[in-house]
Amino acid sequence: MPVAAAHHAIPAMHGRRDFPADGALISYGASIVDEYLQSGRYVGRILKGDRPADLPALQPTKFELVINMKTAKALGLTVPDRWLALATEAIE
């Protein structure tokens, strides 16, 4: 939980992008929006008559790296420029 990590000044990494918005340092994980789009495509195929058992298992294809710069500064951490260049979003 970001609040506990912030209270104890522990850098926290999570798999969902909403955690850095709540104060965690960083998140890296599959795009939830992309996962919903993929599940919608599956539903469409099923509604058109495809059998669920015949559909392939999908892996996430889009990942997001979100860094909370305010938390990094509060913890006295320097985020490498390379990470900032790779980040999907840097929260100021």
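The first residue in the sequence is number 1, and the count goes up from there. What you are looking at is a predicted structure, and each value in this text was computed from that prediction instead of being measured.
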Student check: side-chain heavy atoms of Tyr28 and Glu64 closer than 4.5 Å
no
Please answer whether the main-chain N or O of Gly23 pairs with a side-chain N or O of Thr71 as donor and acceptor at a distance below 3.5 Å.
yes
Can you tell me if Asp81 has over 12 outside heavy atoms packed within less than 6.0 Å of its CG?
no
Are side-chain heavy atoms of Ser27 and Arg16 found at a separation under 4.5 Å?
no
All side chain to side chain contact (heavy atoms under 4.5 Å, CB included) counterparts of Lys70, not counting sequence neighbours:
Asn68
With sequence neighbours excluded, what pairs up with Leu86 under the side chain to side chain contact (heavy atoms under 4.5 Å, CB included) test?
Leu65, Arg82
Determine whether Leu47 and Val43 make a side-chain contact, defined as any pair of heavy atoms from C-beta on separated by less than 4.5 Å.
yes
Under 4.5 Å between side-chain heavy atoms, hopping through other hydrophobics if needed: is there a path connecting Leu75 to Met13?
yes
Within this structure, what is the CG-CE distance for the pair Leu25 and Met69, rounded to the nearest 0.5 Å?
9.0 Å
Leu37 side, atom CG; Ile32 side, atom CD1 - distance, nearest 0.5 Å:
12.0 Å
From NZ (Lys73) to CD (Glu92), nearest 0.5 Å:
10.0 Å
Work out which heavy atom in Ile26 is nearest to a heavy atom in Trp83; give both atom names and the distance.
CD1-CZ3, 3.6 Å
Could you list the residues that satisfy side chain to side chain contact (heavy atoms under 4.5 Å, CB included) with Gln38, not counting sequence neighbours?
Asp34, Arg41, Leu58, Thr61
